Asker: 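Let me give you the structure first, and then I'll get to my questions.
Every number for a ligand or one of its atoms is a count from 1 in the order of the listing. Since the structure is predicted, the reported quantities are computational estimates derived from the model, not experimental observations.
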Amino acid sequence: MRPAMVSEASASSPEIRLSGLEQRYRTEAGGEVLALTGIDLSIRRGEFVVLIGPSGCGKTTMLRIMAGLIRPTSGTVEIAGRPLWKGGARDDSAVQELGVAFQEANLFPWMRIEENIALPLKLRGVPKAKRLERARALTELVGIKGFERRWPRELSGGMRQRAAIARALSLDPHILLMDEPFGALDAMTRDRMNVELQRIWMMQGCTVVLVTHSISEAVFLADRIVLLSPRPGRMDTIIDVPFPRPRDGDSATRPEFQAIVRDLRKRLDAMS
Ligand SMILES: Nc1ncnc2c1ncn2[C@@H]1O[C@H](COP(=O)(O)OP(=O)(O)OP(=O)(O)O)[C@@H](O)[C@H]1O
Ligand SMILES: [Mg+2]
């Protein structure tokens with residue numbers, strides 16, 4: 001299922017490379033907003049990177065640029081060594097490397113869970129039996145086995161988010177982009193989902209870029225945390241989080257973990 005596109009050249013290049021990114025939006029009043037500027041970042045294959053920063057600093061913008069949903073006003077995006085945009089045209093074979101999950105699970109209420117998960121496969125023309133088989137394997141992977149035939153409204157928020165992650169993984173992407181995927185969940189469910197996401201990531205071996213507002217979530221999940229400055233978002237600090245995997249509830253109580261949490265909090269407080 002995974003598209004065979006790992007060439008000799010791309011094997012040595014970063015999975016995602018952002019160079020000189022800048023994003024300006026036109027406002028309805030006819031003005032301009034500079035949302036992001038001077039973004040240079042290389043993300044290694046298999047790395048877990050978390051973006052954090054004050055509200056409105058351009059995190060969602062940066063993720064949408066990586067997802068190929070918006071074309072940056074300047075700068076370049078490379079996925080596995082290939083430019084995502086050539087002139088005005090997007091390289092859709094690069095987009096196939098990407099799975100995306102947002103804050104709201106955005107499941108279609110009129111489709112069963114298995115149909116929601118298998119939708120990207122349906123759009124690709126994968127036969128029904130094959131895509132339902134894949135959906136079943138994915139429900140097992142994300143921990144909602146047995147709920148394949150249910151409707152989204154019959155699942156809890158955490159389960160719906162698991163289904164959304166399963167859907168994002170359905171095409172076996174090399175890269176998973178997530179914008180505050182657990183932002184709408186209660187604290188306990190969120191902690192559990194963090195452990196689950198780490199497990200899924202370790203099993204899949206994909207590269208993850210995740211946006212969050214939660215400092216402890218960032219430190220728990222990340223190999224590297226990218227802290228953006230207030231708008232216009234610039235690279236402020238990159239923080240390495242070297243703790244071994246899998247991390248668990250105990251990891252979060254360790255002094256080294258707490259020290260990074262405190263440091264990050266101090267940096268964020270200084271921005272407001
Ligand atoms: N389509 C748009 N048109 C005009 N301005 C926009 C558009 N999208 C975002 N912006 C502006 O760009 C800036 C960055 O927005 P973005 O949504 O990327 O921030 P964010 O860091 O994700 O914020 P939050 O943490 O609140 O989700 C904000 O000032 C926002 O108002
Ligand atoms: Mg956002």
Side-chain angles (χ1 to χ4, degrees), residues 16-41 43 48-77 79 84-85 88 90 95 98-107 157 160-161 164-165 167-168 175-187 190 193-194 197 207-222 224-239 261 263-272:
I16 304 173
R17 195 204 315 255
L18 310 176
S19 310
L21 273 197
E22 183 163 295
Q23 182 62 34
R24 291 173 190 276
Y25 289 114
R26 263 186 208 297
T27 62
E28 273 185 28
E32 255 191 5
V33 178
L34 180 59
L36 270 183
T37 189
I39 301 292
D40 293 297
L41 180 66
I43 298 176
F48 201 126
V49 169
V50 172
L51 305 181
I52 196 165
S55 184
C57 73
K59 302 180 293 298
T60 295
T61 300
M62 198 164 148
L63 206 73
R64 289 173 63 83
I65 289 173
M66 288 187 216
L69 295 170
I70 44 182
R71 184 159 64 101
T73 20
S74 26
T76 57
V77 184
I79 304 289
L84 186 52
W85 294 90
R90 196 179 61 179
V95 175
L98 307 165
V100 183
F102 293 111
Q103 177 165 13
E104 299 303 328
N106 288 329
L107 302 172
R160 279 201 289 270
Q161 209 46 263
I165 293 170
R167 182 182 52 194
I175 300 168
L176 184 57
L177 303 173
M178 309 177 93
D179 194 357
E180 302 193 49
F182 310 133
L185 304 178
D186 64 88
R190 187 171 184 154
M193 289 302 294
N194 284 335
L197 177 60
T207 307
V208 176
V209 183
L210 177 140
V211 170
T212 185
H213 275 117
S214 161
I215 294 174
S216 55
E217 181 169 278
V219 182
F220 185 84
L221 288 171
R224 274 195 303 162
I225 300 171
V226 176
L227 173 62
L228 295 180
S229 71
R231 184 168 65 82
R234 301 168 197 269
M235 308 279 294
D236 183 276
T237 316
I238 293 185
I239 299 162
V261 168
D263 173 60
L264 196 51
R265 174 157 300 125
K266 221 186 292 165
R267 289 174 190 275
L268 273 161
D269 283 349
M271 289 178 177
S272 55

Asker: Could you tell me whether atom 8 (N) of ligand 1 has at least one protein heavy atom nearer than 4.0 Å?
Answerer: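 Looking at atom 8 (N) of ligand 1, one finds that a protein heavy atom does lie closer than 4.0 Å.
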
Asker: Counting only nitrogen or oxygen atoms and a 3.5 angstrom limit, does Gly56 reach ligand 1?
Answerer: yes

Asker: Considering only protein heavy atoms, which is closest to atom 11 (C) of ligand 1, and at what distance to one decimal place?
Answerer: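 For atom 11 (C) of ligand 1, the nearest protein heavy atom comes out as Tyr25 CD1, 3.8 Å.
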
Asker: Is any heavy atom of the protein nearer than 4.0 Å to atom 4 (C) of ligand 1?
Answerer: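 Given the 4.0 Å limit, the answer for atom 4 (C) of ligand 1 is yes, a protein heavy atom qualifies.
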
Asker: Which atom pair, heavy atoms only, marks the closest approach of Gly20 to Asp40?
Answerer: N-OD1, 2.7 Å

Asker: Under 2.8 Å from the Mg ion (ligand 2), which protein atoms of type N, O or S occur, listed by chain and number?
Answerer: Thr60 OG1

Asker: What heavy-atom pair brings His213 and Lys59 nearest, and what distance separates the two atoms?
Answerer: NE2-NZ, 3.9 Å

Asker: Out of curiosity, Ile165 CD1 to Met193 CE, how far, rounded to the nearest 0.5 Å?
Answerer: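 Here the interatomic distance stands at 4.0 Å.
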
Asker: Using a strict 4.0 Å cut-off to heavy atoms of Gly58, name the atoms of ligand 1 that fall inside it.
Answerer: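 Once the distances to Gly58 are compared, the set is 14 (C), 16 (P), 18 (O), 19 (O), 20 (P), 21 (O).
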
Asker: Is there a donor-acceptor pair under 3.5 Å between the side chain of Thr73 and the backbone N or O of Arg24?
Answerer: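 Indeed, once roles are kept as given, a pair shorter than 3.5 Å links the two residues.
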
Asker: Side chains of Glu217 and Thr212: donor-acceptor distance under 3.5 Å anywhere?
Answerer: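 Glu217 vs Thr212: donor-acceptor pair found between side chains.
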
Asker: Taking all atoms of both residues into account, what is the closest heavy-atom pair of Ser216 and Val261, and its distance?
Answerer: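 Heavy atoms only, the tightest pair is CA-CG2, 4.5 Å.
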
Asker: For Ile238 and Leu41, what are the C-alpha separation, side-chain angles and deciding distance, and is it a side-chain contact (heavy atoms from CB on, under 4.5 Å)?
Answerer: CA-CA 10 Å; Ile238 293 185; Leu41 180 66; 4.0 Å; yes

Asker: For the backbone of Ala105 and the side chain of Arg167, can you confirm whether one donor and one acceptor N or O come within less than 3.5 Å of each other?
Answerer: yes

Asker: How close does the nearest protein non-hydrogen atom get to atom 25 (O) of ligand 1, and which residue and atom is it?
Answerer: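 Atom 25 (O) of ligand 1 sits closest to the protein heavy atom Lys59 NZ, 2.7 Å.
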
Asker: Against heavy atoms of His213, which atoms of ligand 1 measure under 4.0 Å?
Answerer: 25 (O)

Asker: Under 4.5 Å between any side-chain heavy atoms of Asp236 and Leu228, yes or no?
Answerer: no

Asker: Checking side-chain contact (heavy atoms from CB on, under 4.5 Å) for the pair Met66/Ile175: CA distance, chi angles, key distance, verdict?
Answerer: CA-CA 10 Å; Met66 288 187 216; Ile175 300 168; over 6 Å; no

Asker: Just which atoms of ligand 1 are under 4.0 Å from any heavy atom in Arg231?
Answerer: 13 (C), 28 (C), 29 (O)

Asker: Would you mind checking which non-hydrogen protein atom is closest to atom 27 (O) of ligand 1, with the distance to 0.1 Å?
Answerer: Glu180 OE2, 3.7 Å

Asker: Is there a side-chain contact (heavy atoms from CB on, under 4.5 Å) between Arg234 and Thr37 once you walk through the steps?
Answerer: CA-CA 6 Å; Arg234 301 168 197 269; Thr37 189; 3.5 Å; yes

Asker: Is it the side chain, the backbone, both or neither of Arg64 that has a heavy atom closer than 4.0 Å to ligand 1?
Answerer: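 For Arg64, there is no contact with ligand 1 at all, from either part.
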
Asker: Any idea which heavy atoms bring Val100 and Ala67 closest together, and the distance?
Answerer: CG2-CB, 4.1 Å

Asker: Indicate the atoms forming the closest heavy-atom contact of Ile70 with Tyr25, along with that distance.
Answerer: CD1-OH, 3.5 Å

Asker: One residue to check: Met62. Relative to ligand 1, which of side chain, backbone, both or neither has a non-hydrogen atom less than 4.0 Å away?
Answerer: neither

Asker: Please list, in number order, the atoms of ligand 1 under 4.0 Å from a heavy atom of Thr61.
Answerer: 14 (C), 15 (O), 16 (P), 18 (O)

Asker: Among all the protein's non-hydrogen atoms, which is closest to atom 26 (O) of ligand 1, and how far away is it?
Answerer: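 Nearest neighbour among protein heavy atoms for atom 26 (O) of ligand 1, to 0.1 Å: Ser55 OG, 2.6 Å.
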
Asker: Should Ala35 be counted as touching ligand 1, given the test is an N or O pair under 3.5 Å?
Answerer: no

Asker: Suppose we measure from atom 17 (O) of ligand 1 to each protein heavy atom; which comes out shortest, and what is that distance?
Answerer: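 Result for atom 17 (O) of ligand 1: Thr60 CB, 3.7 Å.
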
